[in-house]
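Okay, so here's the structure we're looking at.
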Amino acid sequence: MEHRLISLNCCLNHLIIKNLRSLLNERLTFDQAKQIHAFILINGLNHIEPLLVRQIVLSTRIFSTSIARFVKQILYHSRKPDAFSWSCAIRFLSQHGQFKEAFFLYVQQQRLGLYPSSFTFSSALKACAWSVFKMGGLSIHAQVDKYGFCGCVYVQTALVDLYSKLGDMNTAQKVFDKMVEKNVVSWNSILSGHLKSGNIIEARRVFDHMPKKDVISWNSILSGYAKMGNIDEAFSLFQRMPERNFASWNALISGYVDSGNIESARSLFDVMSQKNSISWITMIAGYSKWGDVASARELFDQLGEKDLLTFNAMIACYAQNSQPNEALQLFNEMLEADVKFQPDNFTFASVISACSQIGDIRSGSWIETYMEKFGIEMNDHLATALIDLYAKCGDINKAYDLFDGLRKKDLVAYTAMIFGCGINGRAVDAIKLFEEMVDNQIYPSLATFTGLLTAFNHAGLVEEGYRCFSSMKDHGLVPSNDHYGIMVDLLGRAGRLEEAYKLIKNMPMHPNVGVWGALLLASSLHNNVEFGEIAAQYCFKLEPDTIAYKSLLANIYASVGRWDDSRRLRKIIKGKNSTKIPGCSWTEVT
DNA sequence: ATAGGGTTAG
């Protein structure tokens, strides 16, 4: 009796395992995977776990942190850790952009004393390459040598790719030259390394010497020429390539966009028999870059199935072209669309920028709530956008906190912070930041000087502002209308209207309404009819519909007792309907 | 399994 029971038990166990194994050859949903794991645990079938991990990795199309957490949980609680599941998990994480996590798992695997495979190394190297994690990459390279994997093509190729991405072409070339066996991927890796470091000549040499080229080799060199502005060579390569895919077309379109030839880009786009999401984004972003919001929107509306990326491109288009209300409105539409999208970092970068342009004090806390709600992780891009927003809302300390927390302080970050100090009247801090920036070999741009001049303006430091303005040419910069506008404002507020007018008269370009408006405002502050009239005439001509200019001049007339002139203007103002632009309220979103 | 095209901040 007992004997038969044991035998029956064995039989059942065998059946279960057979069934489980076949189950683990099919695609799983996350829920199924969880159920199977529970079953495995209850029945003590732990040796099946690696198969489960592998199948989860293979089945996952849409990555989520909860899946990653689940996989890690299996690894950490496994009674018998095995190298295969760990390698699968490392690959899984590095494929889905979780580079830090992937590297962490690699380190854990080493600590557990599990023997790494070529699979482990290439995955962990990929994670370091993509996250430009030099220390990690170098330490893995050392382990590769130690474990004797330096003869494996996959691992060597991953190393070439690592050093290419790190920008260390000397080492990349050294590893590459030592390779006995090279495949197309190895060649492509060294090729893209040269292209990334801007060495098109070496890249071309490699390309011409490749024993075998695939569509990726062609695309790489094509986009290299397109990016350096040699669109003719890019086009010639495009014509000669034996096989084309989406990326080939998109790279060429992008090249035409960058060279300012949006018509050719559009013709190519129209000729494409099949377009993918990236083709549409490239075109929308192209129109955005050259300020053609209407054409961008037209394309966006033509697109039947919109995805997150196309929404991002269109929202960015509005934000970049000073239409913050439209940007926010589209953001709302995106959240309320039939197919809901989870906004990501890209979406929020534009949305924050839009809020900042609107200058709504309440935006800051709303944004933070929203970002938390969607699980958005802070990065330097977002932090820089938030610096600007908080500074505009007057919370300079919060802006400083964000600035101090940046991984890398670049030109845009410094400029945002300088501008933030500027509008908050912290001229000394702005100068300090500027000097720090120059010390760090970051070259100021026109926007940086807008921030600096704003600082001097708010502090009323006329001479310092003048000196700063004059120093722009030492940095190879030609002041724009914006800079002249600030200078006119600075001089004008100080009562130096004559000087301000002279500055305008000596401008190398046509002054815009901002410049004349600054003079008009200053004239009204000092009740100066002479310059007020001159400035006003220009403002009326440039922006006939803006009543504020007429009202300023009316005030000037009234202040000197010219009541008739004042009344005449007030009549005109009353006749005009004040055109109020309906805004889209950010706070209405829930 | 390893690689190519696109969207973000002042």
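To find a chain, count down the sequence lines: A is the first, B the second, and so on, and within it residues start at 1. Heavy atoms only: backbone and side chains are in, while hydrogens, waters and symmetry mates are out.
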Would you say B:dT2 has OP1 or OP2 under 4.0 Å from some side-chain N or O of A:Gln95?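 For B:dT2, OP1/OP2 do have a side-chain N/O of A:Gln95 under 4.0 Å.
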Counting only side-chain N and O atoms of A:Ser254, is one of them less than 4.0 Å from OP1 or OP2 of B:dG6?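 Yes, within the criterion.
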Among [options], which is the nearest nucleotide to the side chain of [X]?
| X | options | value |
| --- | --- | --- |
| A:Gln320 | B:dA9, B:dT2, B:dG5 | B:dA9 |
| A:Ser223 | B:dG5, B:dA9, B:dG10 | B:dG5 |
| A:Lys227 | B:dA9, B:dT7, B:dG5 | B:dG5 |
| A:Asp410 | B:dG5, B:dA9, B:dA1 | B:dA9 |
| A:Ala316 | B:dT7, B:dA1, B:dA3 | B:dT7 |
| A:Thr415 | B:dG10, B:dT2, B:dG6 | B:dG10 |
| A:Asn188 | B:dG5, B:dT8, B:dA3 | B:dA3 |
| A:Ser353 | B:dT7, B:dT2, B:dA9 | B:dA9 |

Check for me whether the distance between the ring centres of [X] and [Y] falls short of 6.0 Å.
| X | Y | value |
| --- | --- | --- |
| A:Trp280 | A:Phe269 | yes |
| A:Phe300 | A:Phe311 | yes |
| A:Trp218 | A:Phe238 | no |

Which of parallel (below 30°), tilted (30 to 60°) and perpendicular (above 60°) describes A:Phe403 and A:Tyr400?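 Judged by the thresholds at 30° and 60°, the geometry between A:Phe403 and A:Tyr400 is perpendicular.
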Would you kindly check if the NZ (Lys) or CZ (Arg) of A:Lys409 is within the cone defined by 45 degrees around the ring axis of A:Tyr414 and under 6.0 Å from the six-membered ring centre?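 No, A:Lys409 does not sit over the ring of A:Tyr414.
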Any cation-pi pair here, A:Lys212 with A:Trp187, using under 6.0 Å and within 45°?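 Relative to the ring axis of A:Trp187, which defines the angle, A:Lys212 lies outside at least one limit.
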In residues 210-218 of chain A, which ones come under 4.0 Å of DNA chain B, going by heavy atoms?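 Of all residues in residues 210-218 of chain A, the ones placing a heavy atom under 4.0 Å from DNA chain B are A:Asp214, A:Ile216.
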Near DNA chain B, which residues from residues 268-290 of chain A have a heavy atom under 4.0 Å away?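 Heavy-atom contacts with DNA chain B come from A:Asn276, A:Ile278, A:Ile281, A:Thr282, A:Ala285.
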